[in-house]
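Have a look at this one before I ask anything.
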Amino acid sequence: MSRVEQLSDNIYVLSDLEPADPARSWLPSDTSGFEPFNKYVFLEDDCALLIETGAAAHDESIQESLREIVKDRLLVILPTRSELESIGNMGSIIDNFPRVELITTTRALPPLGLAHMRPDRRESVKARRIVRGEKLAGAGFPTLDTVTPIIRILNTIWIHDRRSGILFTSDTFSNELLPDQETPTIRRDSFGLPDVAAVRRSIIARFDWVERARTQALQRQWADLFKRIKPTGIAPSLGRVTMGADAAADVINLYSRALFEFSEG
Amino acid sequence: MARDGEARPSFPREIAPNTFWFSTCLPFSVNGREVHNHNSCFLVIGRDRVALVDTGLPFSWDELKGQLLDVLAGRDIDYVFATHPESPHMGNAGPLMDMFPQAQLVGDLRNYHLYYPKLTHRFSHKREGDVLDLGDRQLIMVPAAVHDLKNTLWGYDTLHHVLFVSDGYPYTHEHEAGQCALTSEELPYAPAPEDTGPVIEGALGWTRHVDAELVIADVLEVLRRYPPSIIAPAHGGVVTNPEQLTEVFKGGLRRVSGADA
Ligand SMILES: [Zn+2]
Ligand SMILES: [Zn+2]
């Protein structure tokens, strides 16, 4: 079973923990602790949205946990990007869940063409693409909007839930690991947040281009976004989740400083 | 340039002796105009061993499988070299490793134990400068001057000087029958910097925030160390005029850099 924690009355995070491995391409080599690989389940009465399908190594635990939460609802899968933490179990979930649909952000690739699955599933499962900025009301989730990410590598979307105020941020805000396996994935205050230098090092370990970036335009887009959206929770696909408006504001401020104000000097 | 009425080439295509190009072209629209983009992989056949550079898309596995078996004519693939862990580049690694039980998965395989937990005993981790010895030719692991995911490697064939550049040198072509398997010099028009836009702005979206000259310097350094006669991108036609297409790629990078500053 994945570790399951509840973000709000209808939102769950499924975390599978991996020890910090200096060989992980996106972690600074001095990282220690445990990295949560997060999948989110967003429940409505008749349907459930799964944000990320997780890495293949966690397939069994994810599917077992999913079945318990989703029950007989229609399962709609939405990977935020086509990286293997997002689409790693797309094929096996599509093969194993009887009522399933797929939404992707791909441009030219057919959504079901991203992964291997049984041929009968490839022919029968409903799948479509969405573009950034589109709302998910048509897919059965009236409170969810897609958001254009400020920092990304691949084609990526963020998702904002207007009801709970939670922002799902894919691979951004993903840089805080757990000191041990007992620490919950969700942090509910700002106590013990990493320092700016550590966050910057960790951002650059993943988004290596940031080191050479001209950040004025990004900073403007960042400020515009967080003037418009005041998240009450930040839910990345890797790393710790933050809940609570004050803690979320502190985290956004921390990343903003790490991205735009930090200098090695 | 290809003339009307001539038989147009199709996939798989031999781009240098014992070097084959496979591709799935996918249409999409750019400002209302329908264009095509490649998702290519390349088979490099040496005297003693065979390497596949990238794996193609899961979506087109059935077709690719047949084409590969035809070209291999009874030989096995020894190395499956995924340039980076994204669907068009490693999406068929699983079935390929099933089909060729002696094959090793090679590349910058950081994180791959999470993606292929049952294949870890067949991983061969590579870094820049490492060499796959195919007998009469070597495939050198080259730093990926332009990449999306950090654990990307390019490849260089020492015999025919083919540089495999993964997401580098992308360009779309027109949605017209017969253009898909044409090289950069055979297309009825010369590729332009605008044609690099769809891939650069998508997979390489970061290039808009980085000074293009820094990126270009990295590309030129790779070209200096590994001078290509042919450049083989995953998302563009095979380049038989590297100098001209390097200018196009440079133009594409300059075009997006600072676009929203
Ligand atoms: Zn690619
Ligand atoms: Zn084509």
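Throughout, protein chains are lettered first and strands after them, A, B, ... in sequence-line order, and every chain is numbered starting at 1. Atoms considered below: every heavy atom in the structure, side chains included; atoms not considered: hydrogens, waters and symmetry mates.
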Using a cut-off of under 4.5 Å on heavy-atom pairs, state which of Ala56(A), Gly91(A), Ala55(A) scores highest against chain B.
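Heavy-atom pair counts peak at Ala56(A).
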
Please find the pair of heavy atoms, one from Ser257(B) and one from Arg214(A), that lie closest to each other, and give the distance.
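Scanning both residues completely, I find the closest heavy atoms to be OG-NH2, 2.8 Å.
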
Under 6.0 Å from the CD atom of Glu213(B), do we count more than 12 heavy atoms belonging to anything else shown?
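Count over threshold, so yes.
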
Nearest atoms (heavy-atom pairs only) where His113(B) meets Arg24(A):
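Here His113(B) and Arg24(A) meet closest at NE2-NH1, 4.5 Å.
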
Phe28(B) to Ala108(A) - nearest heavy-atom pair and separation:
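Looking at all heavy atoms of both residues, the closest pair is CD2-CB, 3.5 Å.
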
Residues of residues 77-89 of chain A with any heavy atom under 4.5 Å of a heavy atom in chain B:
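Contacts with chain B: Ser82(A), Glu83(A), Leu84(A), Glu85(A), Ile87(A).
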
Is the shortest side-chain heavy-atom distance between Val30(B) and Arg107(A) below 4.5 Å?
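The answer is yes, as the side chains (C-beta and beyond) meet within the 4.5 Å cut-off.
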
Please flag which part of Asp59(A) lies under 4.5 Å from any non-hydrogen atom of chain B: side chain, backbone, both or neither.
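Neither; nothing under 4.5 Å.
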
Just how far is it from atom CG of Asp211(B) to atom CZ of Arg212(A), taken to the nearest 0.5 Å?
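Rounded to the nearest 0.5 Å, the CG-CZ separation comes to 9.0 Å.
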
Test item: Asn111(B) side-chain N/O and Ser25(A) main-chain N/O as donor-acceptor pair under 3.5 Å
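Judged by distance alone, yes, a pair lies under 3.5 Å.
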
Reported CG-to-CG distance for the pair Leu26(B) and Leu109(A), which is rounded to 0.5 angstrom
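Reported to 0.5 Å precision, the distance equals 5.5 Å.
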
According to the interplanar angle, ranging from 0 to 90°, do the rings of His209(B) and Trp209(A) count as parallel (below 30°), tilted (30 to 60°) or perpendicular (above 60°)?
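Parallel, since the angle between the ring planes stays under 30°.
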
For the residue pair Ser87(B) and Gly113(A), what are the closest heavy atoms and their distance?
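Smallest heavy-atom distance, with atoms named: OG-O, 4.5 Å.
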
Checking Ser60(B) against chain A: side chain, backbone, both or neither under 4.5 Å from a heavy atom?
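Nothing of Ser60(B), per the 4.5 Å heavy-atom cut-off to chain A.
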
Can you tell me which portion of Pro95(B) sits under 4.5 Å from chain A's heavy atoms? Options are side chain, backbone, both or neither.
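When you check distances to chain A, only side chain atoms of Pro95(B) fall under 4.5 Å.
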
Relative to chain B, which segment of Phe207(A) carries a heavy atom at a distance below 4.5 Å: side chain, backbone, both, or neither?
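Contact with chain B: none, neither part.
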
Which one, Asp108(B), Asp148(B), Leu114(B), leads in non-hydrogen pairs under 4.5 Å with chain A?
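Ranked by contacts with chain A, first place is Leu114(B).
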
Looking only at heavy atoms and a cut-off of under 4.5 Å, which of Leu214(B), Val215(B), Val210(B) has the most pairs with chain A?
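So the answer, after comparing Leu214(B), Val215(B), Val210(B), is Val210(B).
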
Any donor and acceptor pair, going by atom type alone, linking the side chain of Lys150(B) with main-chain N or O of Trp26(A) inside 3.5 Å?
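Not a single qualifying donor-acceptor pair exists.
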
Between Asn92(B), Thr24(B), Asp62(B), who has the most heavy-atom pairs with chain A when the cutoff is under 4.5 Å?
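Most pairs with chain A among the choices: Asn92(B).
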
Residue Lys250(B) excluded, over 12 heavy atoms near NZ under 6.0 Å:
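Above 12, so yes.
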
Chain A contact via Pro58(B) - which portion, at a heavy-atom distance below 4.5 Å:
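Interface part for Pro58(B): both.
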
